[in-house]
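Note on naming: letters A, B, ... go to the chains in the order of the sequence lines (proteins, then strands), and numbering restarts at 1 for each one.
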Amino acid sequence: MTTLKSLVATACFFCTGALAADDLPVEPTPNVVTLPSEYSKDWIFAQDLNFVEPVGGKIVVLDVAADTRNYKGAMNASLFASFTQSTTRPELYSAQTFYSRGTYGDRIDVLAIYDTATLSPVDEIILPGGKRGQTMSTRSNLVMSGNDRFAFVFNFTPAASVQIVDMVERKLLEEIQTPGCSQLYPTGDTNFAMQCAAGGMSVFEIDASGAFQKRHDTEAFNDIDDNPLFVKYARINDVAYFPTFLGDIQPIELKDGTAKPLESWSVLTPEEKAQNWRPGGWQVIDGGDTDGLFYILMHADGVEGSHKNGGSEVWVFDPETRTKVRTIPLPNWGITIAVTRGETPYLTVTNGNFELDVFNAKTGELLRTIGGGATQHAFQLFPVE
Amino acid sequence: MTTLKSLVATACFFCTGALAADDLPVEPTPNVVTLPSEYSKDWIFAQDLNFVEPVGGKIVVLDVAADTRNYKGAMNASLFASFTQSTTRPELYSAQTFYSRGTYGDRIDVLAIYDTATLSPVDEIILPGGKRGQTMSTRSNLVMSGNDRFAFVFNFTPAASVQIVDMVERKLLEEIQTPGCSQLYPTGDTNFAMQCAAGGMSVFEIDASGAFQKRHDTEAFNDIDDNPLFVKYARINDVAYFPTFLGDIQPIELKDGTAKPLESWSVLTPEEKAQNWRPGGWQVIDGGDTDGLFYILMHADGVEGSHKNGGSEVWVFDPETRTKVRTIPLPNWGITIAVTRGETPYLTVTNGNFELDVFNAKTGELLRTIGGGATQHAFQLFPVE
Amino acid sequence: MKFIDQLTEKFSRQIAMKTSRRSFLTGLGGTLIGGASIPLLPVARAAENGYPGVATQTTGNIQDPGDPSSCDYWRYCAIDGFLCSCCGGTQNACPPGTEMSPITWIGTCQNPADGKNYIISYNDCCGKSACGRCLCNRNEGDRPMVRPQANNDTNWCLGTASTSYTCSTAVILGTALE
Amino acid sequence: MKFIDQLTEKFSRQIAMKTSRRSFLTGLGGTLIGGASIPLLPVARAAENGYPGVATQTTGNIQDPGDPSSCDYWRYCAIDGFLCSCCGGTQNACPPGTEMSPITWIGTCQNPADGKNYIISYNDCCGKSACGRCLCNRNEGDRPMVRPQANNDTNWCLGTASTSYTCSTAVILGTALE
């Protein structure tokens, strides 16, 4: 059998002879697109969990502002992976799990490092012990320290712990036991806070070398039984705004390596409360746009258990004045929301068809829908920071 | 944090004390279903290629005759896997490819052995060289020898070769070069035939120890340019019925280790020919039911390139008399067909929604539709032999 | 596994014919319908008749009423995942070749036949690909990950040879003390 | 990769409004629409306006007309797979982080702008998960696997570090001799 390589060569031999001056030119191969090392703040990362085959999960890079060619590329993110981005190096990180035979065999957990320009896995740090916490994708399973040096990886076996990785040296550091605590919220240069089962937060103090020093617990403020904080939050400057199931906002100042609960308030008017408007969805809140607002996904007629139902509207608040500045009705329902960090903020919504609806966040105008199978189940969206 | 194991134990401690005589009983764990070692001939294997993530492909075992609990279980079948079944041992085989990081990293090809009762991978033979042919699933990429001892694995790199594996000893034997030939059709106890690019078939003679002896080529009979044979066929007794793009049937006697082309004939009347009825779909033909009939998936208005479009009707032929005995209209279109080998033959059709429509093959009555995500893209169906 | 928990507009269009908008929006259940791998939830008890393309089942015990292949089966009051009943297992058994997780989350569900509350253990079945059939999500009593034993966003294939999630069961541990 | 090649009833219902049954059934093209991972084909040139949820593109060269993110773009006369144009690549370039296969299959397609026949090489892009977007299948000239260089049922990620198929390009090799 003639190999196809020689067949291609033959075809090309024929054709180049026939090329006329006005023919379309022969195109070079191989030809692979590269991206800018520094991404536009109009871009987002959409994490496709791919429920039907979670080992096929991925992160899709999307330009939500462009009128065309919104899909920029993708990275693997296998088996309920975690994702985060460096703000000072042209790198993206994904903590993933692989089995030697797809879904069985030998397990390996790695923190893979992707180059922003090529989206190629350029290196990986092996995470030992098979402990990586596998959950629906949150923004708080894998985070970078405030100084962008250390990656913190949440483990759950169901014992809770955190693995510290030096991303400059690309070197595994120590594992910290974090009993009763979940999710990671950076504070200061190198510390992180966690939500804990006793109803408070705990700050884990990490020194400049990445070594754990000690744990500090706040008073309890989280009514987990009756009105719990979501683990998702909007971070604006040094304050994390956590919504609760019943529509309160619990601000936590995450500053100078501490966590300090501030006074909580409700996003609801008495009328709205009577209609049982509540936050609902997966990533129900986002913030950090250039106007310092936060966006929260709301549904009416809420009941116990409706906190993941999604919502029909996004409410936009100024957290300083605690006033609603805008309501953005969602024509296609909403499951997860994110707002981009660029000059014009774009509200991006994983809609009820698992497509992405993109709105001008300042006007509420629906600009475009990115779909066609770009992602299967984009439950989490990460704006480029 | 209390571990959940102790939490469960606590819960159980509470509850057992409260169990009254008429309460539903405590149920044992762990509890895992097993299947009979020998499957009913009313069962089929549906291969889900899962295009959106081919490493998540699988084989689903289905009882198409039952009124309920049709889904019996599943096995992995990663990255355009091949599948076949033993007829003498309680074993199923799947040739698969894995990468150490899901879609990249180190490649390993294995022929995995699944136990019929547990659907567990009980053993595997490593297939060296990274040569396994990856295609849309056919029934002829991986076959057992007539005596059920040797597995033949089709390789494509794009050089064509065949790997012989002794499935009794679970031992890799030799690799045979098969230039210009594709797909595997067993003949006799240990030989296999292939379709070859020159338009004939070649028989590869294998001795009782699994060693290759020599190759025998037939005359050319396959008009690949203008009216090629599909590589799919219906096998009834020792004759393989290959349809062609234009609706001819080319019988090949596969007997005593030889391959002998018999006289071809058309399934079409002059009227049907004028309407351009043609076979179309993926597995367009099946046979081997208890009545010795074959079933072929047909569409009208065929043109060059419509040979994979699927069909609106299944035509049922008696190959001895070359007469159409029945037409089964498909209410939901058809992509791939299979007919079970039991006393009552069931025609199973992957329909246009990628659900499975099950018909009484003798009456054409639609009995049930198996769907709900049982498979994503069941392009190939293998009746239990 | 207890991951999906969302409503889709497409589903709302399909279901809207059967149920009022209000009951739809206030519903708690969830199903995956069709071969299309779209999680379509919550269903607001709209899956009362089970999933299209999935034949109905019974337990064979009138004291254990309902259809174990339907999201509204009584034991599933806090389940989240693909129903093993639709995947080669049963309401309390894993499909062939999977491994039942020994670490579970717990719900308390009322049996309509005897009016009693039973403690239900949602043991995941692990080690094969996700089943992809009969996705069911009911979030009553679900709490955020900070209370993991009440959280259904976590992959509970823990303590098993593989953490690859296949489907979920609902096993009776006993009756609940009042 | 050139695998999908089928028509779905669901699609026929959707498309039936735009196109006659006859043209639908006799069509050659194929698309994957929606987020639902359902291959919905052939489209009988029904994808003339591209895929829902995929913004239209142009090459920027009037001598190279049409929309490279649409199945009916002239170069795709023998393509089968996810269009790289929809996946971070272009009609002749792979998406970031993938590797272009050096081993290809070839089609001959007529450029409507100059009426000339061009030899098109359908180089696959390999090494990442399948893109899942803009599945396009046109089987003109496709022949069974016994003639592999004309067969689109084969995974053509060969000669690459990984055989994991991501998407397909359509690269001009030159004009065809008549």
Side-chain angles (χ1 to χ4, degrees), chain B residues 1-5 7-8 11-12 14-20 22-35 48 50 52 56-58 60-61 66-76 114-115 117-121 353-356 368-377, chain C residues 32-37 51-58 61 63-64 69 82 85-90 92-106 111 114 116 118-119 121 123 125 128-135 148-149 156 158-159 166 169 171-177:
Chain B
M1 188 180 69
T2 311
T3 73
L4 300 188
K5 270 186 178 168
L7 201 138
V8 170
C12 207
F14 282 137
C15 57
T16 46
L19 266 183
D22 58 347
D23 289 345
L24 290 174
V26 174
E27 294 168 341
T29 59
N31 184 9
V32 179
V33 169
T34 55
L35 297 175
D48 181 0
N50 195 351
V52 172
K58 59 188 168 187
V60 177
V61 184
D67 287 329
T68 187
R69 300 183 191 273
N70 308 91
Y71 191 115
K72 311 312 287 183
M75 292 158 277
N76 287 18
Y114 292 87
D115 176 76
T118 66
L119 291 180
S120 289
N353 295 318
F354 282 98
E355 299 168 324
L356 299 180
R368 64 187 55 85
T369 296
I370 301 173
T375 57
Q376 303 300 310
H377 308 118
Chain C
L32 178 75
I33 68 166
S37 80
Y51 298 81
V54 179
T56 57
Q57 301 176 9
T58 66
N61 178 355
Q63 292 302 310
D64 187 354
S69 71
F82 300 113
S85 296
C86 303
C87 303
T90 73
N92 60 22
C94 288
T98 64
E99 182 184 6
M100 187 176 264
S101 171
I103 303 175
T104 71
W105 82 114
I106 303 289
N111 180 349
D114 60 16
K116 290 178 181 162
Y118 286 81
I119 296 175
S121 168
N123 297 70
C125 304
K128 288 184 181 282
S129 289
C131 162
R133 203 172 189 221
C134 300
L135 186 64
Q149 66 274 29
W156 282 103
L158 297 173
T166 306
T169 63
V171 177
I172 293 178
L173 290 185
T175 51
L177 291 177

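No side-chain heavy atom of C:Val171 sits under 4.5 Å from any side-chain heavy atom of B:Asn31. Here the side chains of B:Asn353 and B:Thr369 are not in contact, with every heavy-atom distance at 4.5 Å or above. Counting only heavy atoms from C-beta outward, the side chains of C:Thr169 and C:Cys125 approach each other to under 4.5 Å. For the pair B:Tyr71 and B:Ile370, the minimum side-chain heavy-atom distance is 4.5 Å or more.
For chain B, the nearby part of C:Asn123 is the side chain; its heavy atoms alone come within less than 4.5 Å. For B:Asn70, the part lying near chain C is the side chain, with the backbone staying farther off; criterion is any non-hydrogen pair under 4.5 Å. Contacts between B:Lys58 and chain C at a heavy-atom distance below 4.5 Å involve the side chain alone, from C-beta outward.
Of the listed residues (B:Thr118, B:Leu356, B:Thr34), the one with the most heavy-atom contacts under 4.5 Å to chain C is B:Thr118. Most heavy-atom pairs under 4.5 Å with chain B, from the set C:Pro95, C:Cys94, C:Gly89: that is C:Cys94. Heavy-atom pairs under 4.5 Å with chain B peak, among C:Cys86, C:Ser129, C:Pro96, C:Gly97, at C:Pro96.
When the SG-SG distance for C:Cys87 and C:Cys131 is compared with the 2.5 Å cut-off, it comes out below that value.
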